[in-house]
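This report refers to the structure that appears directly beneath it.
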Amino acid sequence: MFQAPKGTYDVLPGSAFLAVRDGLLEPARLAGYGYVEAPVFEDTELFARGVGASTDVVSKEMYSFTDRGGRSLTLRPEGTAGVVRAVLEHNLHKGQLPVKVRYAGPMFRAERPQAGRYRQFQQSGVEAIGLTDPALDAEVVALAWEAFQRLGLRQVRLLMTSLGDPACRPAYREELTAYLAGLDLDEATQERARINPLRVLDDKRPELQALLTSAPLMVDRLCADCKAHHEAVAAGLEALGVPFERAPRLVRGLDYYMRTTFEFLHDGLGAQSAVGGGGRYDGLSESVGGPPLPGIGWALGIERTLLALEAEGVTVPADSGVQVFVVPLGVAAKAWAVGFVGQLRARGIASDLAYGDRGLKGAMKAADRSRARWAVVVGDRDLDGSVAQLKDLTNGEQTAVPLTDLLEHLS
RNA sequence: GUGGGUGUAGCUCAGCUGGUAGAGCACCGGGUUGUGAUCCCGGUUGUCGCGGGUUCGAGCCCCGUCACUCACCCCA
């Protein structure tokens with residue numbers, strides 16, 4: 001027997017998957033973010049240059065392959081690079097700004113699976129491209145916050161900081177590197193300090209955090225523009241009523257982030273506690289060969305959101321099932337039932353019928369499990385009298401209704 | 001890539017110092033020749049993850065292997 005490949009899973013009937021995927025984007029839809037869908041695979045270089053060759057995501061987690069034309073392609077490890085590519089390719093940035101888009105779909109990273117971490121995982125995301133207006137940062141962050149709230153989550157925390165920009169980050173980075181060089185670090189940590197010193201700051205180990213208490217922080221070294229932007233975003237969030245915590249050691253694993261950076265955490269998930277994250281990526285367009293084009297966005301993890309809902313005991317309605325279930329008795333009734341269900345569905349009434357010629361008792365059980373409000377029981381003796389038995393499954397009351405009036409009763 | 005844990009029915013699990021595999025739920029049928037959700041009765045489902053070894057005999061002990069899982073790392 002085959003089983004789903006390592007790190008993948010199947011969405012099965014009864015899952016809240018669709019409701020969560022679309023629910024996470026509902027506030028964005030209401031805010032004018034149009035739907036986009038980019039390919040699941042792209043030119044490998046797009047991710048190498050966009051996400052950053054030194055990141056873990058690119059250097060050891062990409063699913064890359066060569067196609068029959070000799071091109072190097074990669075299953076997308078994240079959504080932003082592809083969306084920015086699509087915006088540039090179709091010149092959307094030459095129209096009115098900002099370009100506001102939303103998307104959802106599978107991402108791929110070759111990591112060791114664990115709770116809330118898959119090799120094929122799903123994200124819902126938004127991007128607002130073309131402006132550096134801090135009010136836009138606040139809107140984007142608030143859209144994610146609202147999405148979690150409207151799904152019923154109450155224990156999501158928002159962490160925010162600023163990563164500076166090319167005017168102030170290089171000097172800070174040097175300062176931090178010099179600071180870290182003065183510490184007694186193990187080999188693996190030294191290597192990380194060399195590749196991306198900022199990442200050492202959010203190491204989970206308490207003994208390392210103890211060493212870092214006096215480390216210099218980016219938020220204390222922001223240039224005037226970055227500082228003004230950062231405070232304007234904070235003011236915007238306060239105005240929108242979105243609570244956040246300042247997290248000066250927050251770091252993201254994708255190179256393109258700068259200035260506003262944020263993460264949504266949930267404590268009920270185990271070690272993978274981030275349910276979403278994002279930030280500003282003003283340099284991304286240029287690094288993939290486009291014009292200067294600022295942008296900000298986020299991606300929320302659908303699987304982790306499902307875990308968070310479970311942890312909080314919140315049930316999100318899955319498929320609603322059918323409203324009417326028809327139970328035919330006998331050959332003539334079966335033929336009538338097939339036609340009648342067709343009429344119901346044509347009117348937009350979700351309906352099903354008992355297949356498989358089971359006994360009446362079994363068919364009624366099927367009706368019960370379909371969660372239908374109404375059962376329509378029809379046998380040859382009913383057809384002879386041109387009636388059907390209409391049963392309200394919520395209270396068990398049953399009445400004979402003329403066939404000609406049946407659609408009326410169920411509409 | 002590095003550690004730890006676990007693999008028995010569709011699901012959740014029990015199975016004693018080694019002696020021919022169980023429960024609950026689910027599913028199917030009957031009690032009601034045309035009525036579900038409750039109740040009662042009956043029934044189906046297993047290469048005990050896989051391969052080897054020890055033994056008269058292995059679900060149980062040993063070795064290997066695969067899968068799943070949790071954590072590090074990283075991130076959604």
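Just so it is clear: chains get the letters A, B, ... in the order the sequence lines come, proteins before strands, and each one is counted from 1.
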Subject >> Donor-acceptor under 3.5 Å (A:H266 side chain, A:G268 main chain) >> reply: yes
Original post:
Closer than 4.0 Å, any side-chain N/O of A:Q114 to the OP1 or OP2 of B:C72?
Top reply: yes
Subject >> Polar pair under 3.5 Å, donor/acceptor by atom type, side chain A:R369, base B:G36 >> reply: no
Original post:
How is A:G359 classified with respect to the nucleic acid when contacts are heavy atoms under 4.0 Å: base, sugar-phosphate, or nothing?
Top reply: nothing
**OP:** Please state the C1' separation for the pair B:G22 and B:U44 - nearest whole angstrom.
**Re:** 16 Å
**OP:** For A:G396, answer base if it contacts any base atom (sugar-phosphate contacts may also be present), sugar-phosphate if it contacts only those atoms, and nothing otherwise; contact means non-hydrogen atoms under 4.0 Å.
**Re:** base
**OP:** Could you tell me which nucleotide pairs with B:C28 by Watson-Crick or G-U wobble geometry, both distances under 3.5 Å, or answer none if nothing does?
**Re:** B:G42
**OP:** Would you kindly say whether A:T260 and A:D137 are connected by a side-chain donor-acceptor distance under 3.5 Å?
**Re:** yes
Original post:
Whom does B:A9 pair with, Watson-Crick or G-U wobble, provided both distances fall under 3.5 Å?
Top reply: none
Subject >> Atom pair distance, as rounded to whole Å: CZ in A:R252 and C1' in B:C73 >> reply: 16 Å
Subject >> B:U35 base / A:Q389 side chain donor-acceptor hit below 3.5 Å >> reply: no
Original post:
Base, sugar-phosphate, or nothing for A:V377, non-hydrogen atoms under 4.0 angstrom?
Top reply: base
Original post:
Relative to the 5' end of RNA chain B, which residue comes earlier, A:R381 or A:E263, by the nucleotide with the nearest heavy atom?
Top reply: A:R381
Original post:
Does A:V140 offer a backbone N or O that forms a donor-acceptor pair with the side chain of A:W298 under 3.5 Å?
Top reply: yes
Original post:
Is A:Y118 touching bases, backbone alone, or none of the nucleic acid, heavy atoms closer than 4.0 Å?
Top reply: base
Original post:
Given atom CG of A:L329 and atom P of B:U33, what is their separation to the nearest angstrom?
Top reply: 12 Å
Subject >> Base partner of B:A37, which must satisfy Watson-Crick or wobble distances under 3.5 Å >> reply: none
Subject >> Distance between P atoms of B:A76 and B:G5 (Å, rounded) >> reply: 31 Å
**OP:** Would you mind classifying the nucleic acid contact of A:D203 as base, sugar-phosphate or nothing, using non-hydrogen atoms under 4.0 angstrom?
**Re:** sugar-phosphate
**OP:** Round to the nearest Å and state the distance from A:D56 atom CG to B:A76 atom C1'.
**Re:** 15 Å
Subject >> A:E408 atom CD, over 12 foreign heavy atoms within 6.0 Å >> reply: no
Original post:
Does NZ or CZ of A:R221 fall inside the cone over A:Y172's six-membered ring, less than 6.0 Å from its centre and within 45° of the axis?
Top reply: no
Original post:
How far, in whole Å, is B:A21 from B:C16 if one measures between their P atoms?
Top reply: 13 Å
Original post:
Should B:G19 form a Watson-Crick or G-U wobble pair with both distances under 3.5 Å, which nucleotide is its partner?
Top reply: B:C56
Original post:
More than 12 non-hydrogen atoms from neighbouring residues, nucleotides or ligands closer than 6.0 Å to CD on A:E310, yes or no?
Top reply: no
Original post:
Contact class for A:L300 (heavy atom, under 4.0 Å): base, sugar-phosphate, or nothing?
Top reply: nothing
Original post:
Atom CG of A:L360 and atom P of B:G34: how far apart are they, to the nearest Å?
Top reply: 7 Å
Subject >> Residue-level proximity of residues 399-411 of chain A to RNA chain B when a heavy atom falls under 4.0 Å >> reply: none
Original post:
Rounded to the Å, how far apart are A:F325 CZ and B:A37 P?
Top reply: 14 Å
Original post:
Counting only heavy atoms not in A:K227, do more than 12 sit closer than 6.0 Å to its NZ atom?
Top reply: no
Original post:
Given that A:R192 and A:A367 both sit by RNA chain B, which one's nearest nucleotide is further toward the 5' end?
Top reply: A:A367
Original post:
So, is A:R117 close to the B:U69 phosphate, meaning a side-chain N or O under 4.0 Å from OP1 or OP2?
Top reply: no
Subject >> Atom-to-atom span, CD of A:E191 to P of B:C72 - whole angstrom >> reply: 21 Å
**OP:** Considering only atom C1', compute the distance from B:U20 to B:U8 and round it to an integer number of Å.
**Re:** 16 Å
Subject >> Whether A:T44 side chain and A:S72 backbone form a donor-acceptor pair below 3.5 Å >> reply: yes
Subject >> Complementary nucleotide for B:G51 - Watson-Crick or wobble, under 3.5 Å >> reply: B:C63
Subject >> Nearest-Å distance once atom P is located in both B:C56 and B:G49 >> reply: 25 Å
Polar atom pairs (N or O), protein with nucleotides 64-68 of chain B, under 3.5 Å:
from: B:C68; atom 1: OP2; to: A:K6; atom 2: NZ; distance (Å): 3.2

Original post:
What about A:K361: does its side chain form a donor-acceptor pair under 3.5 Å with the base of B:U35?
Top reply: no
Subject >> Distance flag, aromatic centroids of A:F264 and A:F148, threshold under 6.0 Å >> reply: yes
Original post:
Taking CG from A:D392 and C1' from B:A37, how many angstroms apart are they, rounded to a whole number?
Top reply: 13 Å
Original post:
Does any donor-acceptor pair link the side chain of A:E111 with the base of B:A76 at a separation under 3.5 Å?
Top reply: yes
**OP:** Just compare B:C70, B:G34, B:G36 and give me whichever is closest to any side-chain atom of A:A115.
**Re:** B:C70
Original post:
Contact class for A:L254 (heavy atom, under 4.0 Å): base, sugar-phosphate, or nothing?
Top reply: sugar-phosphate
Original post:
Using atom C1' of each nucleotide, how far apart are B:A14 and B:G29 to the nearest Å?
Top reply: 28 Å
**OP:** Write down the distance separating the P atoms in B:C50 and B:G59, rounded off to the nearest Å.
**Re:** 11 Å
Original post:
Is there a donor-acceptor pair under 3.5 Å between the side chain of A:R117 and the backbone N or O of A:R112?
Top reply: yes
Subject >> Span that lies between the P atom of B:G10 and that of B:U47, in whole angstrom >> reply: 7 Å
**OP:** Please work out whether the ring planes of A:F41 and A:F65 are parallel, tilted or perpendicular, with thresholds of 30° and 60°.
**Re:** perpendicular
**OP:** Taking atom types as modelled, find out whether A:Q155 and A:D267 have a side-chain donor-acceptor pair closer than 3.5 angstrom.
**Re:** no
Original post:
With both distances kept under 3.5 Å, what pairs with B:U2, Watson-Crick or G-U wobble?
Top reply: B:A71
Original post:
Within the pair A:Q123 and B:A76, is there a side-chain N or O less than 4.0 Å away from OP1 or OP2?
Top reply: no
**OP:** Could you grab the distance from atom CG of A:L158 to atom CZ of A:R246, nearest 0.5 Å is fine?
**Re:** 11.5 Å
Original post:
So, does the side chain of A:E61 form a donor-acceptor pair with the base of B:C73 at under 3.5 Å?
Top reply: no
**OP:** Return the value, rounded to whole Å, for the distance between atom CD of A:E127 and atom P of B:A76.
**Re:** 12 Å
